[in-house]
*Asks:* 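Okay, handing you the structure first.
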Amino acid sequence: MACSAVGGVTAFAEPQRSTGRTVLPMNRNWRYKPAKVDDAIAPTFDDTGFERVVLPHTNIELPWHSFDERSYSFISTYRRRFRLPKSASGKRIFVDFEGAMTASTVWINGVALGEYKGGFTPFSFELTRHVHADGENVLVVQLDSTERADIPPFGYEIDYLTFGGIYREVSLRVVPGTYIDNIFARPKDVLSDHPVVEVSCFLAADPQQTGDYSIAAELLDGDKVVAKASQKVKLESPAADDAIDPYNAAPVYASVQTRKDPARHDITLSDFGKVNLWSLEAGNLYTVRVRLMRDGAPVDEDTRRIGFREAMFTDHGFSLNGEIVKLRGLDRHQTFPFVGQAMPARAQRQDADVLRKQLHCNIVRTSHYPQSRHFLDRCDEVGLLVLEEIPGWQHIGDEPWQQVAIDNVGRMIRRDWNHPSIILWGVRINESRDNHDFYTRTNALAHALDDSRPTGGIRYFQESEFLEDVFTMNDFGFPLKAPNHPFYLNTEFVGHTFPTKTTDEDERQREHTLRHARIHNQLASDPRYAGGIGWCAFDYNTHGNFGSGDRICYHGVTDIFREPKMAAGFYKSQCNPAEEVVLEPAFHWARGDESVGFTKAVFCTNCDHLKVYMRSQLEEKSDWELVAEVDPDREEFAHLKYPPHILDMSKLHDDKIRFGWGDLRVDGYLGDKMVISKSMSGIGVDRKIVVAADDRELVADGADTTRVVVRVSDEFGAPRPFANDPISFTLEGPARLIGDNPFSLVGGVCAVWVRAELTPGTVRLTAKHPRLGSQTVTINLASAEAELV
């Protein structure tokens, strides 16, 4: 019986069979009751009255706003029946949970395995002694989703909601008696002609299977083996009285956590020459494969994905592969409307695409907790840097609470230490006061586990004791405080000081945009700033004593549905035009959407020059008239590579706009070449409905999900922010709708999610507007691989 830090990412992978081990997803066929049912612990309990659910699962679906967070604060019961494959005979059996909110008490076949405290970090229990090799087994989880004061981030108040449910995936891991518990592969000397990979293999030894073994490591570029190495190892039984986790800086916090920790054995891969570097532009990834051998026969095998990059903070900024990169990014909460945190891989990966490909950020902070492995995998693939931090928000609890937080440090790092995207470990409770003893331990553990990355600790006052490697600072003032340490990164700004909704008037939308631009302009003015991570990417659900009174903090540059506000255009515009030519107006085209008329037109663009045209709506077939030409505002934004273009509308006298108000057209130029054009209607009428799905192919596994957005626009495709009509949805096919139906538009848009059921086929979602008609999107559902347990 053991509750352990999960060994590695592949314990949570897709169905995996390799020498010695089998990893079997067990996300379907769970039975669920939104109540604590003590009798359900018994294997013979009749659960036919329970709801059948698929993981990831939220303990209750909620409105997207204006709900009571106490609605999800209860204890629920999950049950899962399974039979072991014949190949499991003689093997060790573990159940691996990626994340369940918040405290999980687990039984197998009526035997209590223990309680795991924590909603954001992975945990495992060994089932070996209690499973039936030839019969049915019953796994039971009583899940406490209340805000327990003994578990981070709770104990006082937090500015976000945690929701409930087994909201990440679960797997059954079948391994030999002696097996590979984890792998940590550290590329070294990556800029030289002779890079190496130092591979630490953590082996768990069965007391009956100790002795002489060997480990063989390979580096693969795709399917091609480019390097090999092997060495002999001698495995010994762990001490019987070992109750200290060697990965932890302090005694284990729960009596159930008695796992005997694996031995570490190091091996070096070399002589493979130059490599393709992992960078912001190219997420080049390699695979390290490790085999455990005995007497020449394979015992176990596992793999990890890595990237070769040199990342370091210097006194003149952040350096990636020998070049200074100004960090520009946003903080991310991983919650979604309606289902809280219970979104599967596709939705998690999509968020990384929004940040990197749509908003052109180069860094994200996982505020304020470790986030989905699917999100981090995608960050690796698209070249998005990551600051990952432990769960918390301002409050530090008593010593047992601190032990849980220290354990979170270890679990976070051991799970994620192979991700090339991660450049900084956040080992301090967000915005907490100093605590020398506590933070000495969190830093010591992080450095002991991973000497290849620095630590940071998010604080809000510069006088804070500096125990980490990088001074990470939330600074909501303007101008920003000057850096007071050599390695200095701004980790929050704007945010709660200027919440902005998609329905707000132009003055607020413009100022929201310019506040982000001003901060990044200052960050660019001084090399001592490594860069800045703005608060925040997406609007998010929060407690009633925060936010705007409807359980939402409107702090994002996109709304809670991941639809952009005007400020998103600033981030989007800060990319090289070779990547994307951007022209985003930071206004709605209406003459009277300000207190005293339209005064400034702000354009977020990476163009060199803009030409602004208008034409009358009153004259049939009116021609476009050039009314202004606009250049980057290098007076206020002297340090930005791509400053906003700002047009003073008061200078457009009546002799230039002879017909009054009308349609707007803006042409963007690079040099003498027009490269982009956008138009906005001046008539003020909703003209079109557009329905768009992020994906047209899903897998019929009961969990796969894609977002479908409904937008109302003018005749040119520009948003109509005050469209608020009810959209009614009709869904046909083997899927279900997540979201309101009907759904009133907010800021001219709304979004729902389509979740595949378990039957392949075709799904049609029709969205109907009361005046603009209907549109249908078609989504194909492919067969899912069967779960084998």
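Note: hydrogens, waters and symmetry copies are ignored here, and every other heavy atom, side chains too, is used. Everything numeric here is computed off the predicted structure, so don't read it as measured data.
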*Asks:* Within the 4.5 Å heavy-atom criterion, are Q358 and T558 side-chain neighbours or not?
*Replies:*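 Q358 does not reach T558 side chain to side chain.
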*Asks:* Can you tell me how far apart CD (E169) and CG (N27) are? Round to the nearest 0.5 Å.
*Replies:*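 E169 CD to N27 CG: 5.5 Å, rounded to 0.5 Å.
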*Asks:* With a 4.0 Å cut-off on N to O distance, would you call E61 and R736 a salt bridge?
*Replies:*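 Salt bridge flag = yes for R736 with E61.
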*Asks:* Do D714 and R720 come within less than 4.5 Å of each other through their side chains, counting heavy atoms only?
*Replies:*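 Yes - at least one pair of side-chain heavy atoms lies under 4.5 Å apart.
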*Asks:* Mind checking whether F587 and F603 have parallel, tilted or perpendicular rings, split at 30° and 60°?
*Replies:*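 If you compare the ring of F587 with that of F603, the planes turn out perpendicular.
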*Asks:* A568 and L359: which non-hydrogen atoms are nearest, and at how many Å?
*Replies:*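 Closest approach of A568 to L359: CB-CD2, 3.7 Å.
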*Asks:* List for me each residue that meets ring pair (Phe, Tyr, Trp, His ring centres under 6.0 Å) alongside Y369, sequence neighbours excluded, and say none if there are none.
*Replies:*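 Expected list: F120, Y160, H333.
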*Asks:* So that I know where these two stand, are F570 and H512 an aromatic pair - ring centroids less than 6.0 Å apart?
*Replies:*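 No, they do not, as the ring centres are separated by 6.0 Å or more.
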*Asks:* Check for a donor-acceptor pair, side chain of N576 on one end and backbone N or O of E579 on the other, with a separation under 3.5 Å.
*Replies:*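 Pair absent, no side-chain N/O of N576 close to backbone of E579.
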*Asks:* How close do A352 and R378 get, counting heavy atoms only, and between which atoms?
*Replies:*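 Smallest interatomic distance, heavy atoms only, reads CB-CG, 3.6 Å.
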*Asks:* Look at the side chain of N362 and the backbone N and O of R328, then say whether any donor-acceptor pair between them is shorter than 3.5 Å.
*Replies:*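 Here the side-chain-to-backbone pair exists.
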*Asks:* What distance separates N59 CG from M101 CE, expressed to the nearest 0.5 Å?
*Replies:*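 If I round to the nearest 0.5 Å, the distance is 10.5 Å.
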*Asks:* Any heavy-atom pair between the side chains of Y642 and V582 that's under 4.5 Å?
*Replies:*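 No; the side chains remain at least 4.5 Å from each other.
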*Asks:* Within the 4.5 Å heavy-atom criterion, are V763 and V754 side-chain neighbours or not?
*Replies:*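 Yes - at least one pair of side-chain heavy atoms lies under 4.5 Å apart.
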*Asks:* So which heavy atom on L424 is nearest to which on P454, and how close?
*Replies:*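 For L424 versus P454, the nearest heavy atoms are CD1-O, 3.5 Å.
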*Asks:* Go through the steps to decide whether E281 and S279 satisfy the test side-chain contact (heavy atoms from CB on, under 4.5 Å), and finish with yes or no.
*Replies:* CA-CA 5 Å; E281 295 75 31; S279 68; 3.5 Å; yes
*Asks:* Examine F313 together with F318 and report whether their ring centres are nearer than 6.0 Å.
*Replies:*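 Judged by ring-centre distance (under 6.0 Å), F313 and F318 do meet the cut-off.
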*Asks:* Do side-chain atoms of K678 reach the backbone of G668 as a donor and acceptor pair under 3.5 angstrom?
*Replies:*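 Flag not set: sc K678 to bb G668 has no pair under 3.5 Å.
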*Asks:* When you compare the side chains of S573 and N606, does any donor N or O come within less than 3.5 Å of an acceptor on the partner?
*Replies:*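 Short answer, no.
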*Asks:* Do the non-hydrogen side-chain atoms of R309 and L320 ever get within less than 4.5 Å of each other?
*Replies:*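 Yes - at least one pair of side-chain heavy atoms lies under 4.5 Å apart.
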*Asks:* Regarding H555 and E492, do their side chains bring together a donor and an acceptor under 3.5 Å, going by distance alone?
*Replies:*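 There is no such pair (donor and acceptor under 3.5 Å, judged by atom type) between the side chains of H555 and E492.
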*Asks:* Which distance, rounded to the nearest 0.5 Å, do you find between the CD1 of I533 and the CG of L489?
*Replies:*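 It is 4.5 Å, given to the nearest 0.5 Å.
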*Asks:* Which distance, rounded to the nearest 0.5 Å, do you find between the CG of D380 and the NE2 of H419?
*Replies:*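 These two atoms lie 5.5 Å from each other.
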*Asks:* Let me confirm one number: the CD1-CG distance from I738 to N741, rounded to the nearest 0.5 Å.
*Replies:*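 Spacing of CD1 (I738) from CG (N741) equals 13.0 Å.
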*Asks:* So if I apply the side chain to side chain contact (heavy atoms under 4.5 Å, CB included) rule between P370 and each of I413, T121, N408, which one comes out positive?
*Replies:*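 Exactly one candidate clears the test, T121.
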*Asks:* Under 3.5 Å, is there a donor-acceptor pair between the side chain of Y286 and the main chain of N276?
*Replies:*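 It does hold such a pair.
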*Asks:* So V709 and E563, do their side chains get closer than 4.5 Å, heavy atoms only?
*Replies:*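 With C-beta onward as the side chain, the pair touches.
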*Asks:* Heavy-atom distance under 4.5 Å between the side chains of H57 and V339, does that happen here?
*Replies:*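 Side chain of H57 against side chain of V339, heavy atoms only: no contact under 4.5 Å found.
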*Asks:* In a check of side chain to side chain contact (heavy atoms under 4.5 Å, CB included) between R346 and each of D695, D694, T705, which one passes?
*Replies:*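 The option that passes is D695.
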*Asks:* Checking the side chain of N284 only, and the main-chain atoms of W278 only, is there a donor and an acceptor separated by less than 3.5 Å?
*Replies:*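 No, N284 side chain to W278 backbone: no donor-acceptor pair under 3.5 Å.
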*Asks:* Looking only at atom types and distance, does a side-chain atom of T303 sit under 3.5 Å from a main-chain N or O of V288, one as donor and one as acceptor?
*Replies:*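 No.
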*Asks:* Is the terminal nitrogen or CZ of R508 (NZ for Lys, CZ for Arg) located under 6.0 angstrom from the six-membered ring centre of F498 and within 45° of that ring's axis?
*Replies:*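 Here R508 passes the 6.0 Å and 45° test against F498.
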*Asks:* Using the rule given for side-chain contact (heavy atoms from CB on, under 4.5 Å), can you reason through T500 versus T513, listing the C-alpha separation, both sets of side-chain angles and the distance that settles it, and then say yes or no?
*Replies:* CA-CA 10 Å; T500 303; T513 303; over 6 Å; no
*Asks:* Whether the Q574 and H520 side chains hold a donor-acceptor pair (N or O, under 3.5 Å, no angle test) is what I'd like checked.
*Replies:*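 Not at all, the side chains of Q574 and H520 share no donor-acceptor pair under 3.5 Å.
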*Asks:* For a side-chain contact (heavy atoms from CB on, under 4.5 Å) check, start with the C-alpha distance between T605 and V666, then their side-chain angles and the critical distance, and finish with the verdict.
*Replies:* CA-CA 11 Å; T605 180; V666 184; over 6 Å; no
*Asks:* Taking all non-hydrogen atoms of both residues into account, name the closest pair between V325 and L280 and its distance.
*Replies:*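 Result for this residue pair: CG1-CD1, 3.8 Å.
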*Asks:* So, does N541 use its side chain to make a donor-acceptor pair with the main chain of G340 at under 3.5 Å?
*Replies:*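 Checked: no pair found.
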*Asks:* With salt bridge (Lys or Arg N to Asp or Glu O under 4.0 Å) as the criterion, how do E580 and K357 come out once you've worked through the C-alpha distance, each side chain's angles and the decisive distance to 0.1 Å?
*Replies:* CA-CA 9 Å; E580 181 184 2; K357 295 185 175 183; over 6 Å; no
*Asks:* Against Y540, only a single residue in F561, W535, F336 fulfils ring pair (Phe, Tyr, Trp, His ring centres under 6.0 Å); can you say which?
*Replies:*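 By the ring pair (Phe, Tyr, Trp, His ring centres under 6.0 Å) criterion, Y540 pairs with just one of F561, W535, F336: W535.
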*Asks:* Please name the residue in the list V752, T730, V691 that meets the side chain to side chain contact (heavy atoms under 4.5 Å, CB included) test with L765.
*Replies:*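 Going through V752, T730, V691 one by one, the side chain to side chain contact (heavy atoms under 4.5 Å, CB included) with L765 is satisfied by V752 alone.
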*Asks:* Please test F538 against R332 for side-chain contact (heavy atoms from CB on, under 4.5 Å), starting from the C-alpha separation and ending with a verdict.
*Replies:* CA-CA 7 Å; F538 315 129; R332 179 213 185 213; 3.8 Å; yes
*Asks:* Could you give the distance from CG (D701) to CG (L758), rounded to the nearest 0.5 Å?
*Replies:*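 Spacing of CG (D701) from CG (L758) equals 7.5 Å.
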*Asks:* Which atom names give the shortest non-hydrogen contact between W64 and P337, and what distance separates them?
*Replies:*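 Of all heavy-atom pairs spanning W64 and P337, the closest is CB-CB, 3.8 Å.
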*Asks:* Is there side-chain contact between R755 and M343, with at least one heavy-atom pair below 4.5 Å?
*Replies:*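 Heavy-atom side-chain distance check passes, below 4.5 Å.
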*Asks:* Applying side chain to side chain donor-acceptor pair (under 3.5 Å), run through H374 and E98 and close with a yes or a no.
*Replies:* CA-CA 11 Å; H374 304 295; E98 295 197 45; 4.8 Å; no
*Asks:* Where do P734 and P760 come nearest, in terms of heavy atoms and distance?
*Replies:*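 For P734 and P760, the tightest heavy-atom pair comes out as CG-O, 4.1 Å.
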*Asks:* Using modelled atom types and a 3.5 Å cut-off, is there a donor and acceptor pairing between side-chain atoms of Y72 and backbone atoms of T58?
*Replies:*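 A pair under 3.5 Å: no.
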*Asks:* Going by side chain to side chain contact (heavy atoms under 4.5 Å, CB included), L376 matches just one of R415, R349, Q348, Q371. Which one?
*Replies:*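 Exactly one option meets the side chain to side chain contact (heavy atoms under 4.5 Å, CB included) with L376, and it is R415.
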*Asks:* Regarding K501 and D539, does a basic nitrogen lie under 4.0 Å from an acidic carboxylate oxygen?
*Replies:*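 The answer is no: the pair does not qualify as a salt bridge.
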*Asks:* With distance as the sole test, does R356 use its side chain to make a donor-acceptor pair with the main-chain N or O of C361 at under 3.5 Å?
*Replies:*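 Flag set: sc R356 to bb C361 pair under 3.5 Å.
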*Asks:* Measure from the side-chain N and O atoms of E787 to the backbone N and O of R28, and report whether any donor-acceptor pair falls under 3.5 Å.
*Replies:*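 Indeed, once roles are kept as given, a pair shorter than 3.5 Å links the two residues.
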